[in-house]
Amino acid sequence: MTEEEIGTEETSAEQRRFDEIIAADSRIEPRDWMPDAYRKTLIRQISQHAHSEIIGMQPEGNWITRAPSLKRKAILMAKVQDEAGHGLYLYSAAQTLGITRDEMTDQLITGRARYSSIFNYPTPTWADMGAIGWLVDGAAICNQVPLCRASYGPYGRAMVRVCKEESFHQRQGFEILLTLMQGTDAQRRMAQDAVNRWYWPSLMMFGPPDGDSPNSAQSMVWNIKRFSNDELRQRFIGMLVPQAEVLGVTLPDPELRFDEEAQQYVGGEIDWTEFFEVLAGRGPMNAERVRARREAHEDGAWVREAAAEYARKTTLRQAQGSETGVAA
Ligand SMILES: [Fe+2]
Ligand SMILES: [Fe+2]
């Protein structure tokens, strides 16, 4: 047997082992062999997810200084900090696949990385904080609960913690809208206007229709994705309808109806041209979001340098301590 043949044999034994783990619906861990395409798919998905959490801090971060009360400010700050934490778990999960944090940051601030298009819309009113929590975090939960069972261990485990926090985010958004809907006419109009603007983009968060989603099938075979984009979107609409009734807001889809045969709510056609415009970087806030992230990264350079220097000195002191037998 030539060296090359041995190599091939080894690879296929590893591939078989990988296939067995997937077939048993068990987990792949960083130490395990995995096909290159599986690794690449995960790096792309997890890093995009991490970028979305980090960029997603901006639309709401804009309102921290303008929150209408101390209580609202404290809640909003906690929520935005949670999103930073989600970004960090996810960057760490992606790092276990062999990409560095610096590479991912560089891809983001040079505009080469994707993140969820939903964060490229502006937040002109306080009601946007309610609509984002209710609709955007709500859609995120529908998307992410099945990801808790993703076949890649670090990703699934990160999702468990993320989802617990997302349900708090959704509740706080719902509660902001409920308070506004119980207020003055102007407040009710503000809440309805925010729901009108965020409803369709939140449905687009599930991605293109199943027929136009080329990577979905493979991700389902690998147990990364558990339900199709359209299934998840449908589930989300079904969740929103009774909540909209409690709020007293109208979902801005005149064709939305209950289908007796399918026993579920069915919505009208989504205008995908807008989605693809925003995806192509021509959304209202694309350039602004990446610019703000790049500036924050540059302004934070001295913090990274100071932390690295502190770590270097600490290591040095510890090494000197162990040489002289003195505990550091
Ligand atoms: Fe999040
Ligand atoms: Fe969230």
Side-chain angles (χ1 to χ4, degrees), residues 14 18 21-22 26-58 80-120 136-137 139-141 143-166 169 205-207 213-216 218-226 229 279 289-290 292-294 296-297 300-301 303-304 307-308 311:
E14 284 165 328
F18 173 85
I21 295 174
I22 296 292
S26 188
R27 280 199 150 145
I28 304 293
E29 295 296 338
R31 62 172 181 271
D32 294 330
W33 181 91
M34 61 190 88
D36 224 31
Y38 177 81
R39 183 186 299 275
K40 281 194 184 130
T41 297
L42 281 166
I43 289 178
R44 185 181 39 118
Q45 180 170 338
I46 301 173
S47 65
Q48 282 179 10
H49 194 162
H51 297 324
S52 302
E53 302 282 355
I54 296 298
I55 294 286
M57 294 168 73
Q58 291 185 39
V80 173
Q81 282 178 355
D82 282 353
E83 306 300 5
H86 298 173
L88 296 187
Y89 310 149
L90 289 162
Y91 280 130
S92 301
Q95 280 172 280
T96 65
L97 291 156
I99 188 166
T100 66
R101 178 82 178 270
D102 283 343
E103 284 172 282
M104 289 184 276
T105 303
D106 195 59
Q107 288 170 357
L108 179 61
I109 64 178
T110 55
R112 285 176 295 136
R114 287 235 167 113
Y115 55 85
S116 181
S117 290
I118 194 81
F119 302 116
N120 288 326
V136 177
D137 292 275
I141 296 171
N143 246 333
Q144 291 171 6
V145 167
L147 288 174
C148 295
R149 294 190 292 127
S151 57
Y152 188 58
Y155 192 32
R157 287 189 290 273
M159 280 300 116
V160 172
R161 187 153 170 190
V162 166
C163 284
K164 285 184 186 159
E165 293 173 351
E166 293 303 349
H169 299 170
M205 283 173 71
F206 295 93
S213 183
N215 300 324
S216 282
Q218 180 61 66
S219 284
M220 284 173 87
V221 170
W222 279 330
N223 291 343
I224 299 173
K225 210 173 158 63
R226 300 282 176 165
N229 295 352
L279 200 65
R289 298 290 185 235
V290 173
R293 185 70 206 99
R294 190 170 48 241
H297 185 70
V303 180
R304 292 191 295 280

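These figures come from a predicted structure and were not determined experimentally.
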Keeping to residues at least two apart or across chains, list the salt bridge (Lys or Arg N to Asp or Glu O under 4.0 Å) pairs with something in residues 100-110.
-> D106-R112
Taking all non-hydrogen atoms of both residues, which atom of V145 and which atom of C163 are closest, and how far apart?
-> N-SG, 3.7 Å
Would S47 and I99 satisfy side-chain contact (heavy atoms from CB on, under 4.5 Å), going step by step from the backbone distance to the final call?
-> CA-CA 9 Å; S47 65; I99 188 166; 5.6 Å; no
Work out which heavy atom in C148 is nearest to a heavy atom in R27; give both atom names and the distance.
-> O-NH2, 2.6 Å
Could you grab the distance from atom CZ of R289 to atom OG of S117, nearest 0.5 Å is fine?
-> 12.0 Å
Mind checking side-chain contact (heavy atoms from CB on, under 4.5 Å) for P35 and listing every partner two or more places apart, or none if nothing turns up?
-> Q15, F18, W33, Y38
Could you list all the salt bridge (Lys or Arg N to Asp or Glu O under 4.0 Å) pairs where at least one residue sits in residues 89-99, not counting sequence neighbours?
-> none
Return yes if some donor-acceptor pair links the side-chain N/O of R294 with the main-chain N/O of I109 below 3.5 Å, else return no.
-> yes
Distance-minimising heavy-atom pair for Y152 and A93 = CE2-O, 4.2 Å
Please identify each residue that fulfils ring-ring contact (aromatic ring centres under 6.0 Å, His included) with Y91, with sequence neighbours left out.
-> H51
Between the side chain of Q107 and the main-chain N/O of A113, is any donor-acceptor distance below 3.5 Å?
-> no
How would you list, by chain and number, every residue that makes a side chain to side chain donor-acceptor pair (under 3.5 Å) with Q45, sequence neighbours excluded?
-> Y155
Which residues satisfy the side-chain contact (heavy atoms from CB on, under 4.5 Å) test with A301, sequence neighbours excluded?
-> R304, E305
What distance separates Q48 CD from I55 CD1, expressed to the nearest 0.5 Å?
-> 12.5 Å
Note: L42 and L97 closest approach over all heavy atoms is CB-CD1, 3.7 Å
Salt bridge (Lys or Arg N to Asp or Glu O under 4.0 Å): pairs with one or both residues in residues 38-49, sequence neighbours excluded = D36-K40
Nearest-0.5 Å distance, CD1 of residue I43 to CE of residue M104 | 8.0 Å
For Q144, which residues count as a side chain to side chain donor-acceptor pair (under 3.5 Å) partner, sequence neighbours excluded?
-> H49
Identify the two heavy atoms, one from A292 and one from Q58, that lie closest to each other, and give their separation to 0.1 Å.
-> CB-OE1, 3.3 Å
With a 4.5 Å heavy-atom cut-off, do V160 and Y89 have their side chains touching?
-> no
Distance col, row R226:CZ vs L147:CG, nearest 0.5 angstrom, shows 9.5 Å
Please round to the nearest 0.5 Å and tell me the distance separating atom OG1 of T41 and atom CD1 of I224.
-> 6.0 Å
Quick one: does V136's side chain get under 4.5 Å of F119's, heavy atoms only?
-> yes
First locate atom NZ of K225, then atom OG of S213, and finally report the distance between them rounded to the nearest 0.5 Å.
-> 6.0 Å
Mind listing the closest non-hydrogen atom pair of S116 and M205 along with its distance?
-> OG-CG, 4.3 Å
Partners meeting side chain to side chain donor-acceptor pair (under 3.5 Å) with E165 (sequence neighbours left out) = H86
Between S151 (side chain) and I22 (backbone), is there a donor-acceptor pair under 3.5 Å?
-> no
Any salt bridge (Lys or Arg N to Asp or Glu O under 4.0 Å) involving residues 149-162? Give me the pairs, sequence neighbours left out, ordered by first then second residue.
-> E29-R157
What residues form a side-chain contact (heavy atoms from CB on, under 4.5 Å) with N143, not counting sequence neighbours?
-> F206, L232
Any side-chain heavy atom of S92 sitting closer than 4.5 Å to one from P154?
-> no
Contacts of type side chain to side chain donor-acceptor pair (under 3.5 Å), residue D137, not counting sequence neighbours = K79, H169
